[in-house]
Trainee: 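First, the structure itself, so that you have it in front of you.
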Amino acid sequence: MTEDGTVRTRFAPSPTGYLHIGGARTALFSWLHARHTGGKFILRVEDTDAQRSTEESSLQILEAMEWLGLDWDEGPIFQSKRLDLYRSYVQRLLDEGKAYWCECTPDELEAKRKTALEKGEKPKYDLTCRNKGLGPGPGRVVRIALPSSGVTSFDDMIKGRITVDNAELDDFILLRSDGMPTYNLVVVIDDALMNITHVIRGDDHVNNTPRQVLIYQAFGFDLPFFAHVPMILGADKTRLSKRHGATSVTAYKDMGYLPEALVNYLVRLSWSHGDQEIFSRQELIDLFDIHDVGRSAAVFNPEKLLWLNHHYIKTGDPDRIAGLLPEFLQARGYPVPGRSYLTRVVTDVRERTKTLEEVVEFGDFYFIDREPPEDLCEKFFTPEIRDVFRLLVEKIERTDFTKDALEETVQSLLNETGLKFKVLAQPMRVALTGKTVSPGIFEVLATLGHDRAIPRLKRALSYMEKEA
RNA sequence: GUCCCCAUCGUCUAGCUCGGCCCAGGACACCGGCCUUUCACGCCGGCGACAGGGGUUCAAAUCCCCUUGGGGACGCCA
């Protein structure tokens, strides 16, 4: 705990790829816990794996965090810039006899691991170098000297007390032969030095925690609170991966998902507040309690995410959503109209489109003019309705392009002729949109406006005249 | 294989901490119906679960044990 009792949480991704859905949820929980308690949220990039870490990944992860609205109070802190610090702590352990140099090669270790596994044993470092009294040298690593008996335990805020037999642990590596410190070491040093009060991270780290607890003890650091959140699984109940579909936050952004939908979806995985399904950001901050996080893994359900996305498209500010459309329009090579036109399009289509991508696809006729497919022309632009349709076009041409006025015009025509709207509706729809499914005719008409709508209606009319 | 963790509808979950209010509630999906200018939206209704077995107790989804199933970890990755 910090001196003044302030909560400090952190998200510590390793920049070896995109921000994964699972990582995003961990970050969300961590962020929420900080915000809920009025604490600080720290972002730390764990890039001690020089081989796989890339700056590009770091950037993309930060971008995804920002897109999700997970703002941080400190950082990003890059571990690769703190190497001297870590080395001095390793030296301290070396000096105190709590760590030692080891000259075993990766190949040797790998071979031993293999035979252990084959014999049905748990692969563990066999302590070959523990008492050799080696000093530094090329190809050598530093290992921690762990007790071989006794137990190590810690209290997890989600899973309760977890105890592991020290005999299950082995003398893991603290410093690689290339001089880079390893995860277990740096995570402890940083969490301790940065005064992290609550370590919130994925379930897959529970097995590491006892090792880290031992490091905390070796340095005499106070233990933080631990909260290991359950994993997110794919439909087949195995760890969520690419073969289950999109797993990166960015991919969802690109498919036309709204950040509030993804956040709302993710937060409900292993966490709930009674029967509530929809949460605003502020509600989440007010209501989120790490103690309410469940213990079991959750299966990722794309359908429910889609439902939530639709919900936010349906209920969100149309103007804001309109502002997100240009990149989707450009991706399809459609021209980008003005903001107010886009806003009207959103209002028209949002009851029937679940993603921004769908807005553009379903509402394509708002952006481009295409002749309706021949089979639809044939079916709907029949000679029988030619005369009414001509009348209709003439009347509409002289009408104000507002929904009410247009509706009134058509209604009066219906009254005069005694026809049902059904007779006209689909032909009009096909003429204006090129499809049999669209928003309401009058909305479409009003939004398209005179200059886009009239030529399309006339084109349909001439088809009817040709057929006669 | 060893160790750790988990176990309510297909899925996300409420209920489990403080056993009775639960022959188990909500949501997604699915299936009907209503509304209707298409499709949606909306509304109404339906389908559907306490993994199994032992205990403890007057009483168990709720507590204990075992079995089974699932996940995770066993790296000079994090």
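Sequence lines set the chain letters: A, B, ... in the order given, protein chains first and strands last, and positions in each chain run from 1.
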Trainee: Is there a side-chain polar atom (N or O) of A:K237 under 4.0 Å from OP1 or OP2 of B:rC6?
Mentor: no

Trainee: From NZ of A:K304 over to C1' of B:rG10, roughly how many Å is that when rounded to an integer?
Mentor: 13 Å

Trainee: Side-chain N or O of A:R44 versus OP1/OP2 of B:rA78: is the shortest distance under 4.0 Å?
Mentor: no

Trainee: Say we look at B:rG32 and B:rG53: how far apart would their P atoms be, to the nearest angstrom?
Mentor: 36 Å

Trainee: Sticking with atom P, work out how far B:rU62 lies from B:rC18, rounded to a whole angstrom.
Mentor: 15 Å

Trainee: Does the cation-pi check pass for A:K98 over A:F219, that is, NZ or CZ under 6.0 Å from the six-membered ring centre and within 45° of its axis?
Mentor: no

Trainee: Indicate whether the side chain of A:D404 and that of A:T402 have a donor and an acceptor atom separated by less than 3.5 Å.
Mentor: no

Trainee: Run A:D369 and A:R456 through salt bridge (Lys or Arg N to Asp or Glu O under 4.0 Å) and show every step you take.
Mentor: CA-CA 8 Å; A:D369 181 23; A:R456 295 186 194 185; 3.3 Å; yes

Trainee: Quick one about A:T353 and A:H310 (side-chain donor to acceptor, distance below 3.5 Å, no hydrogens or angles considered), yes or no?
Mentor: no

Trainee: Any base atoms under 4.0 Å from A:S272, or only sugar-phosphate, or nothing? Heavy atoms, all strands.
Mentor: sugar-phosphate

Trainee: Would you indicate, yes or no, if B:rG75 has its OP1 or OP2 atom less than 4.0 angstrom from a side-chain nitrogen or oxygen of A:R113?
Mentor: yes

Trainee: Any N or O donor-acceptor pair linking the side chain of A:N208 to the base of B:rA78 at under 3.5 Å?
Mentor: yes

Trainee: May I ask you to verify whether the side chain of A:T182 and the base of B:rC76 hold a donor-acceptor pair under 3.5 Å?
Mentor: no

Trainee: Is A:R268 near enough to B:rG26 that one of its side-chain N or O atoms lies under 4.0 angstrom from OP1 or OP2?
Mentor: no

Trainee: Could you check whether atom CD of A:E55 has more than 12 heavy atoms from other residues, nucleotides or ligands sitting under 6.0 Å from it?
Mentor: no

Trainee: Under 3.5 Å, is there an N or O donor on one side and an acceptor on the other linking the side chain of A:R352 and the base of B:rC39?
Mentor: yes

Trainee: How many Å lie between CD1 on A:I158 and P on B:rC6, as a whole number?
Mentor: 11 Å

Trainee: Take the protein atom CG of A:D236 and the nucleotide atom P of B:rU11, then report the distance between them rounded to whole Å.
Mentor: 12 Å

Trainee: Rounded off to whole Å, could you give me the CD-to-P distance for the A:E46 and B:rG75 pair?
Mentor: 19 Å

Trainee: Whether the A:T48 and A:R82 side chains hold a donor-acceptor pair (N or O, under 3.5 Å, no angle test) is what I'd like checked.
Mentor: no

Trainee: Check if the side chain of A:E118 and the base of B:rG1 share a donor-acceptor pair of N or O atoms closer than 3.5 Å.
Mentor: no

Trainee: In whole angstroms, how far is the P atom of B:rU37 from the CG atom of A:D348?
Mentor: 18 Å

Trainee: What does B:rU57 pair with, Watson-Crick or G-U, if both distances are under 3.5 Å?
Mentor: none

Trainee: If I take atom NZ in residue A:K122 and atom P in nucleotide B:rC4, what distance separates them, rounded to the nearest angstrom?
Mentor: 8 Å

Trainee: Per the atom types in the model, does the base of B:rG25 pair as donor or acceptor with the side chain of A:D275 at under 3.5 Å?
Mentor: yes

Trainee: Separation of A:Y183 atom OH from B:rA78 atom P, in whole Å?
Mentor: 9 Å

Trainee: Is there a side-chain contact between A:T48 and the phosphate of B:rA78, meaning an N or O under 4.0 Å from OP1 or OP2?
Mentor: yes

Trainee: Using the C1' atom in both, what is the distance from B:rG45 to B:rG70, to the nearest Å?
Mentor: 35 Å

Trainee: A:N207 CG to B:rG75 P: how many Å, rounded?
Mentor: 11 Å

